[in-house]
Amino acid sequence: MIRLESLHVTLPGFALQSIDLRVAAGEFFVLIGPTGAGKSLVLESIVGVVPITRGRIFVDGRDVTRLPPERRRIGIVYQDQALFPHLTVEKNIAYGLRYGCRDPQDRRRRVPALVKRLALTHLLGRAVTHLSGGEKQRVALARALAVDPAVLLLDEPLSALDPNFREEMREVLKDLHRHMGVTILMVTHDFAETHCLAQRVALIHRGRIEQSGTLEDVFGRPATPFAAEFVGMRNFLPAGFEGRKAHLEGLTLHLARPAPEGARFVGIRPEDLRILTGPPPPGAGNGNRFTATVGPVTFRGFTCDVGLAAGGVRLVAMLPSGEFLAGKVATGEQVSVAVDAAKIHAV
Amino acid sequence: MIRLESLHVTLPGFALQSIDLRVAAGEFFVLIGPTGAGKSLVLESIVGVVPITRGRIFVDGRDVTRLPPERRRIGIVYQDQALFPHLTVEKNIAYGLRYGCRDPQDRRRRVPALVKRLALTHLLGRAVTHLSGGEKQRVALARALAVDPAVLLLDEPLSALDPNFREEMREVLKDLHRHMGVTILMVTHDFAETHCLAQRVALIHRGRIEQSGTLEDVFGRPATPFAAEFVGMRNFLPAGFEGRKAHLEGLTLHLARPAPEGARFVGIRPEDLRILTGPPPPGAGNGNRFTATVGPVTFRGFTCDVGLAAGGVRLVAMLPSGEFLAGKVATGEQVSVAVDAAKIHAV
Amino acid sequence: MNVPGDATSAASNRAVSVWRPDLFAGVALASSLLIVAFILLPLIEMVFQPSAADLGQTIRDPDVLRAIGLSIWASAAAAVLAFALGTPLAYLLARRSFPGKKLVESVIDLPIMVPHPVVGIAILSMAGRDHWLGRLIGALGVRVMGSVTGIIVVLLFVGLPFYINTAKNGFEAIPLRIETVSRSLGASPAATFFRITVPLAWRSMVVGMIMCTARAVSEFGAIVIVAYHPMTAPVMIYERFSAYGLKYSQPVAVWLILVCLGLFVLLRAFSIKPARFP
Amino acid sequence: MNVPGDATSAASNRAVSVWRPDLFAGVALASSLLIVAFILLPLIEMVFQPSAADLGQTIRDPDVLRAIGLSIWASAAAAVLAFALGTPLAYLLARRSFPGKKLVESVIDLPIMVPHPVVGIAILSMAGRDHWLGRLIGALGVRVMGSVTGIIVVLLFVGLPFYINTAKNGFEAIPLRIETVSRSLGASPAATFFRITVPLAWRSMVVGMIMCTARAVSEFGAIVIVAYHPMTAPVMIYERFSAYGLKYSQPVAVWLILVCLGLFVLLRAFSIKPARFP
């Protein structure tokens with residue numbers, strides 16, 4: 001439904017480079033990346049408001065690279081909703097209808113169904129300035145979908161909402177995607193949203209796509225050091241591989257399956273490193289068990305990061321803050337650490 | 001060293017009410033509260049730049065309520081440092097020296113020692129505009145301490161820093177407090193900072209002190225429903241007490257000690273509710289074990305909140321996201337839940 | 001829990017502070033009062049020196065009425081022209097970046113900096129019979145010197161920057177995203193401008209027109225060169241002053257100042273915008 | 001990971017957009033060019049019509065030199081007075097809130113709105129022998145009408161708002177916290193003002209003085225009433241125009257416009273501030 005072919009965009013101080021992306025019809029695709037990675041710029045290239053240096057954009061197979069925004073059939077919903085503040089809810093939703101070239105029959109059925117599905121019926125006559133964040137977001141969705149766009153672009157649609165509304169909006173998006181068959185390309189920096197909504201994911205960093213694929217691909221098997229760091233695999237260490245063994249400096253770990261060709265790093269999530277404080281639970285570590293010295297501890301709210309030194313290697317494990325405060329682990333002590341072989345990723 | 005006696009401050013749309021606070025000499029006192037609680041306003045009342053409606057402020061036993069800021073001997077360091085951008089590092093630090101009434105002998109010893117301790121020697125000639133966040137913060141500390149104030153006020157000193165600098169600054173503050181005997185009153189909304197630095201804590205909410213005392217008092221035994229919610233005790237439920245038993249709707253829990261007089265609520269932190277997925281580890285629950293139905297699950301990055309329904313009671317437990325994604329817990333399932341009797345707080 | 005900044009500390013960055021009398025505060029207060037008196041007293045004196053009878057008689061004088069009327073309608077005409085011609089440029093400056101943009105902005109500000117008689121001289125330099133453009137418009141039957149046309153041209157020249165800069169600020173205050181959404185829904189640039197931009201920026205446009213009118217009403221130096229006749233109110237004040245003296249110019253000045261005050265009040269009323277964009 | 005907004009999306013809120021030619025864009029471009037031409041052409045024509053010989057002869061004329069010199073130094077004197085008197089009020093308006101603040105701000109803006117001949121009439125209403133204040137200053141040996149003193153008073157009146165508003169904006173841009181820290185370190189309000197506020201706001205104060213000077217140099221309507229003699233440059237341009245015609249007024253106008261252009265360039269140079277406060 002959307003295809004970007006080696007898209008280049010050059011702005012003063014920032015550039016998108018060779019963006020290739022393909023969102024299939026009816027797919028929920030999430031573009032994830034840190035702040036300033038160029039996520040929103042990709043969306044604005046698709047909408048057609050930034051000058052494109054090179055590359056092409058296809059929507060429904062049409063090359064729209066040179067078309068103005070009003071002829072691309074793209075719907076966009078921004079984080080701040082960008083509602084028309086001088087129009088009522090109803091007039092916001094109906095704004096684009098006069099330009100639609102679809103048959104009026106379809107529109108007469110379509111819009112009321114949309115309003116009903118988004119629970120906006122009782123709000124139609126209201127001014128948009130006095131709506132709650134969640135209501136505004138639903139109006140923005142209705143406005144974009146009323147003209148039946150080929151694809152719906154979502155620019156961090158949940159970030160500006162209160163946590164309670166956020167959950168509700170997530171359900172709304174899921175519902176639109178499942179029951180109305182809308183094709184969605186969403187941009188976010190939030191893992192939870194991505195996990196909850198995405199069918200496929202692309203990771204963007206400094207204007208380049210670092211990795212794309214299914215959730216399991218990107219989060220389970222990060223392909224680059226940045227991808228590993230971004231998805232939270234903070235223990236990312238150079239290693240030599242030999243069959244199902246990974247040799248780190250002064251530490252050998254067992255893998256669940258042989259390392260892929262050309263692998264040079266080992267990645268372990270902090271929460272997969274288990275510091276054994278009581279007697280070991282059955283099966284802990286699946287064979288990977290080693291002794292480490294506790295280093296500096298950093299609080300991050302309810303969890304804390306515990307630095308560990310094992311052999312010549314420094315690792316970080318995640319522990320509930322409560323356990324640290326309760327004195328179960330103390331800096332300078334020797335502890336036993338276990339890690340499941342299946343949780344060690346060779347990259 | 002600092003004493004606030006039923007301080008009232010009234011601004012358009014906000015008021016501080018009956019603030020009583022006492023920071024002893026050499027103490028590290030933290031005032032914690034959510035955004036907009038009035039934390040910074042307390043500091044600015046002490047500095048002397050907001051009009052005080054009622055109450056009195058004592059510094060070193062002197063009543064300074066009516067004194068202008070320049071005669072109060074208060075040092076203040078803001079989140080954004082508020083350095084003098086037209087002066088070098090050295091001149092920033094020396095700014096207040098000409099007003100000090102202390103003997104010059106002391107000053108000649110004091111300032112170089114301060115500069116050395118804060119590792120600013122190599123920066124003295126530099127313009128302050130090009131320093132890193134951590135360096136700026138150290139200059140602001142040196143500037144405030146150079147005039148030997150009776151107390152040092154810190155207004156969210158770590159919030160604006162990068163995470164790496166934040167840890168470093170925390171150590172700097174610890175060091176200043178321990179080895180130079182500075183009396184500190186710090187304002188923050190961050191638990192980790194509070195846990196790491198505070199000797200005593202006061203919790204402020206909507207312009208009132210909700211609770212004050214040691215870390216253990218405030219975080220372990222929150223005295224009001226707001227305090228409980230704020231320190232993360234999200235399972236805060238009305239209960240009837242009978243000896244060491246707490247009766248909730250359709251659920252009875254054992255306490256480690258009898259409930260205090262007049263207790264009406266039970267509080268349990270989400271991370272203290274353990275969902276037993278494998279065989280129970282030894283001693284799990286210390287007698288509190290019950291069956292619950294898994295409800296909605298909310299992702300919060302690497303942890304997720306799992307809703308639980310047990311008897312007529314709804315609880316929230318915290319789980320590493322990995323365990324949820326691995327399918328160990330699923331919505332609608334029955335699970336076994338354990339909670340340590342010592343982790344159940346009666347308020 | 002990681003929101004930086006604090007609502008109440010922001011409040012203290014507004015001017016909430018404790019006032020303590022000292023020499024510094026005393027000097028500040030004294031010179032402030034002096035300035036307010038320096039501006040207000042002459043105007044108040046001037047308004048109250050003429051008797052009510054004089055004022056009544058003056059406003060019934062058909063010459064005075066004609067002059068004030070001409071001042072108002074020529075200024076309003078200039079404001080309408082500024083609106084019609086200046087709106088596209090204001091929008092362009094608010095929405096596009098192009099090489100030389102700073103220079104264009106400087107050109108727009110020029111009429112504010114040029115001494116007023118020089119404005120008149122410059123316009124006559126173009127419009128006189130010595131210049132091809134002057135001969136061209138003369139051949140079309142249009143006379144600039146000593147005509148209402150000339151007055152309106154002068155007032156447009158001095159008023160344009162006020163309209164363009166105010167309208168530009170109004171356009172800049174509209175988030176670009178709102179226009180982008182309108183485009184993505186199928187509206188052309190023109191449709192977006194008329195259905196979204198104008199309804200959201202009309203207050204700024206009206207304020208700009210009022211400012212343009214006010215600047216035009218008070219113009220004298222350029223008009224007196226281009227068109228001593230037909231007589232506008234400021235020229236009449238000058239003429240009465242030089243021909244008959246202070247006493248005879250004051251009543252006309254009072255009536256003109258009331259017109260300006262009316263515009264000033266209108267301006268303040270329209271300037272109080274509802275804050276629609278967070 | 002929860003920082004809202006995105007650096008690159010902020011970039012797109014600046015005017016980065018795709019230009020596609022259509023009727024709407026064509027009309028916008030045409031009327032923009034028309035306006036730029038309308039402002040620039042008369043000025044350019046005026047500057048290039050007099051011959052170099054005429055210009056050279058004019059600038060050697062002692063009367064012209066004296067008039068331009070008087071315009072510059074009287075304007076500069078007004079700017080210095082505005083600086084000395086207006087700075088405390090500007091600081092007060094930037095830092096304090098008090099009842100009636102809006103009203104004081106409106107009073108400061110009044111001289112911009114009042115028609116220029118009316119300003120002259122108003123000042124003479126105060127300073128004439130009919131008024132106690134006029135008699136008082138007359139008894140002190142000070143003459144307002146037809147004197148340099150009178151010119152400076154008029155120029156101060158019309159220039160004050162420009163200095164005060166610009167300086168006020170400069171003071172407002174300094175975070176209050178910086179001054180609070182200075183106070184907490186032992187500096188009195190006066191010491192804080194001179195050691196912190198002035199060094200941080202001096203650019204705005206200089207820009208304000210330049211704007212005040214520029215406004216004063218271009219004043220004509222009020223001066224021509226208060227002091228036809230000694231002759232300032234705008235009055236001389238008017239006199240030469242009415243006595244000898246356009247050709248004889250142009251060279252003086254060109255020289256005066258060059259002075260204004262110099263001030264304009266100075267203004268732009270000082271306005272480019274290093275951004276010191278995030």
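Just so it is clear: chains get the letters A, B, ... in the order the sequence lines come, proteins before strands, and each one is counted from 1. Only heavy atoms go into these numbers, but all of them, side chains included; no hydrogens, no water, no symmetry mates. Everything numeric here is computed off the predicted structure, so don't read it as measured data.
Annotation: side chain of D/Cys260 is in contact with side chain of C/Pro115 (closest heavy-atom distance under 4.5 Å). Looking at D/Pro234 and C/Val118, their side chains never come closer than 4.5 Å, going by heavy atoms from C-beta outward. When side chains are defined from C-beta on, C/Ile35 counts as touching D/Ile108, because their heavy atoms get closer than 4.5 Å. Side-chain contact between C/Leu92 and D/Leu29: present, with at least one pair of heavy atoms (C-beta onward) separated by less than 4.5 Å.
For D/Ile44, no part lies near chain C; criterion is any non-hydrogen pair under 4.5 Å. Heavy-atom distances place both the backbone and the side chain of C/Val153 under 4.5 Å from chain D. The part of C/Phe241 that comes within reach of chain D is its side chain, from C-beta onward, which places non-hydrogen atoms under 4.5 angstrom from that chain. Contacts of C/Leu85 with chain D are made by both backbone and side-chain atoms, with heavy-atom separations under 4.5 Å. Neither the backbone nor the side chain of D/Met236 comes within contact range of chain C; no heavy atom of the residue lies under 4.5 Å from a heavy atom of that chain. For chain D, the nearby part of C/Leu160 is the side chain; its heavy atoms alone come within less than 4.5 Å. Both the backbone and the side chain of D/Leu124 have a heavy atom closer than 4.5 Å to some heavy atom of chain C. With a 4.5 angstrom heavy-atom cutoff, C/Ser106 touches chain D via backbone and side-chain atoms both. At a 4.5 Å heavy-atom cutoff, C/Phe98 makes no contact with chain D through either its backbone or its side chain. Both the backbone and the side chain of D/Val107 come within contact range of chain C, with heavy atoms under 4.5 Å apart. Contacts between C/Val114 and chain D at a heavy-atom distance below 4.5 Å involve backbone atoms as well as side-chain atoms. Proximity to chain D is limited to the side chain of C/Leu34, based on heavy atoms less than 4.5 angstrom apart.
In this structure, C/Ala28 and D/Pro88 approach most closely via the heavy-atom pair CA-CB, 3.5 Å.
Of the listed residues D/Ala127, D/Pro117, D/Ala214, the one with more heavy-atom pairs under 4.5 angstrom with chain C than any other is D/Pro117. Top candidate by heavy-atom pairs under 4.5 Å with chain C, chosen from D/Ile123, D/Leu110, D/Val224, D/Val104, is D/Val224. Contact count versus chain D (heavy atoms, under 4.5 Å) is highest, among C/Val259, C/Val119, C/Leu156, for C/Leu156. In terms of heavy-atom pairs under 4.5 angstrom with chain C, the leader among D/Val36, D/Ile237, D/Leu43 is D/Leu43. For chain C, the option among D/Glu219, D/His131, D/Glu172 with the highest count of heavy-atom pairs below 4.5 Å is D/His131.
Aromatic ring orientation, C/Tyr238 versus D/Tyr238: perpendicular (interplanar angle above 60°, classes split at 30° and 60°). Aromatic ring pairs are classed by plane angle as parallel below 30°, tilted from 30° to 60° and perpendicular above 60°; the pair D/Phe220 and C/Phe220 is parallel.
A distance of 5.5 Å separates CG of C/Asp109 from CZ of D/Phe264, quoted to the nearest 0.5 Å. Distance CG/C/Leu246 to CD1/D/Ile225: 8.5 Å, rounded to 0.5 Å. From D/Ser125, atom OG reaches atom NZ of C/Lys247 across 8.0 Å, with rounding to the nearest 0.5 Å. The structure places CG of C/Leu33 at 9.0 Å from CG of D/Leu89, a figure rounded to the nearest 0.5 Å. Rounded to the nearest 0.5 Å, atoms CG (D/Leu93) and OG (C/Ser32) are 7.0 Å apart. Going from atom CE of D/Met113 over to atom CZ of C/Arg215 covers 11.0 Å, rounded to the nearest 0.5 Å.
Atom CZ of C/Phe38 has more than 12 neighbouring heavy atoms from other residues, nucleotides or ligands inside a 6.0 Å radius. Counting non-hydrogen atoms of neighbouring residues, nucleotides and ligands closer than 6.0 angstrom, the OH atom of D/Tyr248 reaches no more than 12 such neighbours. Under a cut-off of 6.0 angstrom, the local environment of CZ in D/Phe83 is sparse, with at most 12 non-hydrogen atoms contributed by other residues, nucleotides or ligands.
Tested against C/Ile121, the residues D/Gln49, D/Arg240, D/Met46 include a single side chain to side chain contact (heavy atoms under 4.5 Å, CB included) partner, D/Met46.
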